[in-house]
Amino acid sequence: MHVCAMSRRNIPGLTWSVFSRLTGVNRLGRRQHEIKRDLCTQEPLDLKEFFMRHLTARIKANGPLSIAEYMKEVLTNPVTGYYIKNEVFGESGDFITSPEINQMFGELIGIWCVHEWQQMGKPDKLQIVELGPGKGTLAADMMRVFSQFKEFNKAISLHLVEVSPKMRQFQLEALTGATTPEDTVVESQRSKYGPEVHWHRFLDQVPNECSCVIAHEFFDILPIYKFQKKDGEWHEILVDIQEGGGLRFIMSRGPTTNAKAFLTHLAETDERDHVEVSPESGIIVQKISQRVSDHGGRALIIDYGHEGTKKDTFRAFKAHKLYDPLEMPGSADLTADVDFAYFKHCCGENVKTFGPVTQNNFLNGMGIGARLQALMQDKDVETRRAMMKSVWRLMHPQQMGWGFKFFAIAPKDTDYVPPGFIPITAHNEPKSEQKSEPK
Ligand code: SAH
């Protein structure tokens, strides 16, 4: 698709056809390829300016947007959404994720899956399902591990749930070595590790079979709603137009329908006056739990998050720096902490949950120390140093070690604690005073 080949920060001018494509209002009734041609032939317009104009038009037409509508529009709008257009990952992108930092992260999660399959009694068929696989690095690192377990490798198929065609191409290349023209949609292909890979747009499209579902930094970008308590009542925080240009947060005059519908999980004792909730995440967690309960399997959810204690965590990342989430729509990542207490609530009574435990706890429990020693054995000093530094980034409390949490879902009759979820004793906890990087 030509649109993707254009430079990252610039897109063409806002024509009626672009507006139509984005809003679904197609006044001229023109076909999509004509609209794409328009996108490629108009004068360039800054992405931020484009989004500002588009969002302003929407707000003028329909009133202030919920934060969820704003996030959805900015992140996954099918033409100009952040995840649809941008090179988001890595040191040169806006953020870097654990699998991109060190291969051991994906390898240890792969070993966890193999262990759980053995505990399940080695079912003949197991679907490895990854939600929001990004560049496919975690999936590739897991698949490399799986290929060393012949029986397991024969039993599995890989199912990737991905909304972005651009990301799908990265995943295809990482897992099969193949590349395709930009507008080709590949649905299934054999991976270079043996098992078939299937791509899906939604979790519902993945066959209802025994599955091990992995979601790493997926739920933090799903749309949230924000609510503020005032005079004992929950009001909604919305996005409105700022006088003189730009966007601003406002508070609804009274409780909105969303405030009435989405806060029923809050305990009487909850003392917060500001709450974020992602019903879309809640529904996906419910669906995963239903699958695990009906067909067996496991789920491993990894994200930064809290247990129903944090208030305002909505933020933007651009070039590894924090920004106001309304400042540059479309060219910065938007994210909010995952509420694991809400996830537990959504899991219901038919499954067992484990955690959340810290990333440090999980990776320690999975033996990252021993794996590091093994990998470093025949390496030169420089490589060893780089490997130690990357493990330090994954593990240190002030890096990714404590903020990121692991949460697991298993069938109700699971009678053991999965590896990585046994809490490490205070004695073994990392010393938080070590702040500097390893030399
Ligand atoms: N798990 C990866 C990438 C995280 S970024 C990692 O840790 O490196 C989020 C990923 O989710 C991207 O691949 C993005 O395109 C995808 N995504 C965003 N919204 C989605 C949705 N609604 N459904 C499926 N995938 C989505």
Side-chain angles (χ1 to χ4, degrees), residues 1-12 17-18 20-24 26 30-41 47 50-51 54 71-90 92-95 97 99-100 129-140 143 157-192 196-206 214-219 221-223 280 284 329-334:
M1 182 162 105
H2 304 297
V3 179
C4 298
M6 292 180 302
S7 85
R8 252 173 69 184
R9 301 284 316 272
N10 296 303
I11 64 155
S17 59
V18 178
S20 306
R21 177 74 186 88
L22 293 167
T23 57
N26 194 345
R30 296 202 295 167
R31 291 200 306 278
Q32 197 167 325
H33 75 269
E34 292 176 286
I35 294 170
K36 281 178 195 163
R37 196 189 55 214
D38 273 6
L39 274 164
C40 298
T41 52
L47 187 57
F50 166 80
F51 258 105
H54 166 54
M71 282 181 87
K72 214 169 186 146
E73 189 64 71
V74 166
L75 293 182
T76 53
N77 170 304
V79 180
T80 49
Y82 175 77
Y83 279 102
I84 312 297
K85 270 194 67 64
N86 292 285
E87 300 279 349
V88 300
F89 295 98
S92 60
D94 293 330
F95 59 90
T97 60
E100 306 289 332
V129 181
E130 192 185 348
L131 309 181
K135 291 184 105 170
T137 310
L138 171 59
M143 294 294 272
S157 54
L158 179 64
H159 295 260
L160 304 179
V161 179
E162 175 58 69
V163 76
S164 160
K166 191 177 181 103
M167 292 294 165
R168 274 191 183 201
Q169 290 198 319
F170 284 131
Q171 294 151 17
L172 177 75
E173 196 172 348
L175 291 160
T176 70
T179 49
T180 55
E182 285 196 347
D183 49 5
T184 311
V185 177
V186 177
E187 309 234 301
S188 304
Q189 193 145 323
R190 183 165 292 281
S191 72
K192 58 187 176 195
E196 285 284 319
V197 195
H198 307 271
W199 278 267
H200 311 271
R201 174 73 178 70
F202 305 105
L203 176 62
D204 289 345
Q205 294 164 338
V206 178
I214 311 290
H216 178 254
E217 288 217 49
F218 168 71
F219 285 103
I221 57 156
L222 292 191
E280 193 171 316
I284 295 174
S331 54
D333 189 28
L334 296 178

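Basis for what follows: all heavy atoms, side chains included, without hydrogens, waters or symmetry-related copies.
Note that CG of Leu131 is 12.5 Å distant from NE2 of His216, once rounded to the nearest 0.5 Å. How far CG of Leu222 is from NZ of Lys72: 8.5 Å, rounded to the nearest 0.5 Å. Distance check: Leu334 CG to Met71 CE gives 5.5 Å after rounding to the nearest 0.5 Å.
Applying the side-chain hydrogen bond (donor to acceptor under 3.5 Å, both in side chains) criterion to Ser157, with sequence neighbours excluded, gives His159. Residues that satisfy the side-chain hydrogen bond (donor to acceptor under 3.5 Å, both in side chains) test with Glu173, not counting sequence neighbours, are absent from this structure. Legend: residues meeting salt bridge (charged side-chain N to carboxylate O under 4.0 Å, His left out) with Arg190, ordered by chain and number and at least two apart, are Glu196. The side chain to side chain contact (heavy atoms under 4.5 Å, CB included) search around Ile221 returns Leu75, Tyr83, Asp333, not counting sequence neighbours. The side chain to side chain contact (heavy atoms under 4.5 Å, CB included) test applied to Gln169 returns Thr180, Glu182, not counting sequence neighbours. Taking the side-chain hydrogen bond (donor to acceptor under 3.5 Å, both in side chains) definition, one finds that Gln171 meets it with Glu162, Trp199, sequence neighbours left out. Residues meeting the side-chain hydrogen bond (donor to acceptor under 3.5 Å, both in side chains) test with Ser188, sequence neighbours left out: His198. A search for side chain to side chain contact (heavy atoms under 4.5 Å, CB included) contacts involving Ala140 returns Leu175, Tyr193, not counting sequence neighbours.
Considering every non-hydrogen atom in both Leu158 and Ala139, the closest pair reads CD2-CB, 4.3 Å. Across Ala174 and Gly136, no two heavy atoms sit closer than the pair CB-O, 4.1 Å. Pro329 approaches Val74 most closely through the heavy-atom pair CB-CG2, 3.7 Å.
At a threshold of 4.5 Å between non-hydrogen side-chain atoms, the residues Arg168 and Val186 do not count as touching. The closest side-chain heavy-atom distance from Phe218 to Ile284 is below 4.5 Å.
Of the possible donor and acceptor atoms, none in the side chain of Glu100 sits under 3.5 Å from a partner among the backbone N and O of Thr97.
The residue from Leu138, Val197, Leu160 that alone fulfils the side chain to side chain contact (heavy atoms under 4.5 Å, CB included) condition with Pro133 is Leu160.
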